[in-house]
S.K.: 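Before we start, here is the structure in question, set down as structure tokens.
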Amino acid sequence: MAQRLKRAWYTRNTLTIGKGLLGKKLVSVVDGVRRVGTIIETECYIGPKDRASHAYNGKRTKRNGVEFLIGGHVYIYLVYGMYWQFNITTAKEDMPECVLIRALYPLEGYFPIMNKKEIEKLANGPGKMCRWMGFDKKLYGEDLIKSRHVWIEKGMPISEEDICETPRINIEYAGTLWAGKPWRFFLRQYNYLLAKETYARAIQHKNTTKRRI
DNA sequence: GTACAGATTGAG
DNA sequence: TCAATCTGTACT
């Protein structure tokens, strides 16, 4: 608890936070079960200018409203009708910027008869991560500074050489300029367990999605 | 009221 | 390669 990150940490530049979250510990206590994982992959969304952001052009709805809160709050939403996406707000109030947590390396939790390989795959994607941690709409707008259910603690030291950056995943709809921004970050040493084919899937998804003529 | 498409995943 | 699944949002 003493290690919990404070407000000032979350009110800085979003890209700095996106990288800074790598190696930190994400802690969840849901239904009395405590789970902890090291954050190993993130993505930044920087509205209103970012076409891939839900707050693009200042759009503010019931769904994305908490994006406008000061840094350190939880913005969680359902995608594809099935999977929760866990984001952390950043920057000052009324600046709709956030960081999507895409993958964790499980450290603590209940692992029923699982080998190392299986445990590593429990949270190696944004939807899987939420499923394992027990995250859903209950956490919408939660404050990481004082929540009893979710917060972030200091983790292992990370050096700049450990951080890889690539374009974000599955946002081709935002156009090449924004889809091309290198705002996805991950730790080099965990690359082996991240879904490598995700980017190819993004293109396939675009091709199979129904669109208006 | 109705249609549409998505910050994914896992099975075939 | 592709279906599942459902809600916010836009438009009639």
Side-chain angles (χ1 to χ4, degrees), chain A residues 14-15 17-19 21-22 26 37 39-69 73-91 95-104 106 114 117-141 164-186 193-213:
Chain A
T14 300
L15 294 177
I17 296 170
K19 289 188 205 175
L21 282 170
L22 296 175
L26 178 60
I39 297 171
I40 60 174
E41 184 188 10
T42 62
E43 272 181 6
C44 298
Y45 289 84
I46 306 181
K49 63 178 181 180
D50 180 2
R51 206 171 160 71
S53 166
H54 290 160
Y56 174 60
N57 210 12
K59 190 170 81 165
R60 188 172 193 157
T61 64
K62 191 177 176 186
R63 180 211 207 191
N64 77 349
V66 294
E67 269 202 279
F68 292 77
L69 294 176
H73 288 83
V74 174
Y75 168 41
I76 192 165
Y77 66 91
L78 195 64
V79 72
Y80 299 121
M82 278 169 280
Y83 301 106
W84 293 99
Q85 305 283 288
F86 180 85
N87 299 255
I88 293 164
T89 68
T90 56
M95 295 173 71
E97 309 183 15
C98 64
V99 177
L100 169 68
I101 307 299
R102 289 188 58 89
L104 303 175
M114 284 180 167
K117 215 168 178 177
E118 291 170 315
I119 291 172
E120 286 179 330
K121 289 184 177 173
L122 279 172
N124 66 338
K128 294 172 76 176
M129 184 283 270
C130 286
R131 192 174 57 191
W132 179 61
M133 293 293 264
F135 290 164
D136 60 24
K137 195 152 197 163
K138 290 193 301 288
L139 295 181
Y140 185 81
C164 298
E165 49 181 68
T166 76
R168 294 171 291 177
I169 304 295
N170 285 346
I171 56 157
E172 276 61 31
Y173 61 84
T176 50
L177 173 63
W178 295 101
K181 298 279 185 191
W183 290 351
R184 168 175 177 249
F185 305 107
F186 62 88
L193 68 83
L194 301 180
K196 290 192 176 58
E197 70 280 23
T198 320
Y199 205 52
R201 282 177 175 171
I203 294 158
Q204 168 248 325
H205 180 261
K206 179 191 173 193
N207 293 340
T208 58
T209 297
K210 284 170 279 180
R211 3 193 111 248
R212 196 175 298 181
I213 299 166

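Every chain is numbered from 1 and lettered A, B, ... according to where its sequence line falls, protein lines coming before strand lines.
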S.K.: For a quick test of reading the model, state the closest non-hydrogen atom pair linking A/V74 to A/V66 and the distance between them.
M.R.: O-CG2, 3.7 Å
S.K.: If you compare all heavy atoms of A/H54 against all heavy atoms of A/N64, which two are closest, and at what distance to 0.1 Å?
M.R.: O-ND2, 3.1 Å
S.K.: Would you say the side chain of A/Y77 and the base of B/dA7 hold a donor-acceptor pair, judged only by whether the two atoms sit under 3.5 Å apart?
M.R.: yes
S.K.: Using the C1' atom in both, what is the distance from B/dG6 to C/dC2, to the nearest Å?
M.R.: 16 Å
S.K.: Could you tell me the separation between the CD1 atom of A/I169 and the C1' atom of B/dG6, rounded to a whole number of Å?
M.R.: 15 Å
S.K.: Once you apply a heavy-atom cut-off of 4.0 Å, does A/K137 come out as touching a base, just sugar-phosphate, or nothing?
M.R.: sugar-phosphate
S.K.: Of the non-hydrogen atoms in A/T90 and A/C98, which two are nearest, and what is the gap between them?
M.R.: OG1-N, 3.6 Å
S.K.: Could you work out which one of C/dT5, C/dT9, C/dT7 sits closest to the side chain of A/M82?
M.R.: C/dT5
S.K.: Suppose you measure atom C1' in C/dT7 against the same atom in B/dG10; what distance do you get, rounded to whole Å?
M.R.: 22 Å
S.K.: Look at the side chain of A/Y83 and the backbone N and O of A/R131, then say whether any donor-acceptor pair between them is shorter than 3.5 Å.
M.R.: no
S.K.: Side-chain N or O of A/R51 less than 4.0 angstrom from OP1 or OP2 on B/dA7?
M.R.: no
S.K.: Using the P atoms only, state how far C/dA3 lies from B/dA5, rounded to an integer number of Å.
M.R.: 16 Å
S.K.: Send over the distance from A/Q85 CD to C/dT5 C1', rounded to a whole Å.
M.R.: 14 Å
S.K.: NZ of A/K62 versus C1' of C/dA10: gap in Å, rounded?
M.R.: 17 Å
S.K.: Report the nucleotide, chosen from B/dG6, C/dG8, C/dA10, that has the shortest atom-to-atom distance to any side-chain atom of A/Y173.
M.R.: B/dG6
S.K.: Tell me what A/E43 touches on the nucleic acid: a base, only sugar-phosphate, or nothing, going by heavy atoms under 4.0 Å.
M.R.: nothing
S.K.: Among A/K128, A/R102, A/K19, which one satisfies salt bridge (charged side-chain N to carboxylate O under 4.0 Å, His left out) with A/E41?
M.R.: A/R102
S.K.: By nearest atom, which of the nucleotides B/dG10, C/dT9, B/dA7 is closest to the A/K128 side chain?
M.R.: B/dG10
S.K.: Think A/Y80 has a side-chain N or O under 4.0 angstrom from the OP1 or OP2 of B/dT8?
M.R.: yes
S.K.: For the pair A/F86 and A/F135, name the ring-plane relationship: parallel under 30°, tilted 30 to 60°, perpendicular over 60°.
M.R.: parallel
S.K.: Of all the nucleotides listed (C/dT9, B/dA7, B/dT9), which has the minimum atom distance to the side chain of A/I171?
M.R.: B/dA7
S.K.: As a test of reading the structure: which of B/dG10, B/dA7, C/dC6 is closest to the side chain of A/N170, going by heavy atoms?
M.R.: B/dA7
S.K.: Between A/R102 and B/dT8, is there a contact of a side-chain N or O with OP1 or OP2 at under 4.0 Å?
M.R.: yes
S.K.: Taking all heavy atoms of A/F68 and all of A/G58, pick out the closest pair and write down the distance.
M.R.: CZ-O, 4.0 Å
S.K.: List the steps, then state whether side-chain contact (heavy atoms from CB on, under 4.5 Å) holds for A/R63 with A/Y75.
M.R.: CA-CA 9 Å; A/R63 180 211 207 191; A/Y75 168 41; 4.2 Å; yes
S.K.: Atom CG of A/L100 and atom C1' of B/dT8: how far apart are they, to the nearest Å?
M.R.: 11 Å
S.K.: Mind pulling the stems DNA chain C is in, i.e. runs of at least three Watson-Crick or G-U pairs, everything under 3.5 Å?
M.R.: B:1-6 with C:6-11, B:8-11 with C:1-4
S.K.: Touch check for A/N87, heavy atoms < 4.0 angstrom, all strands: base, sugar-phosphate only, or nothing?
M.R.: base
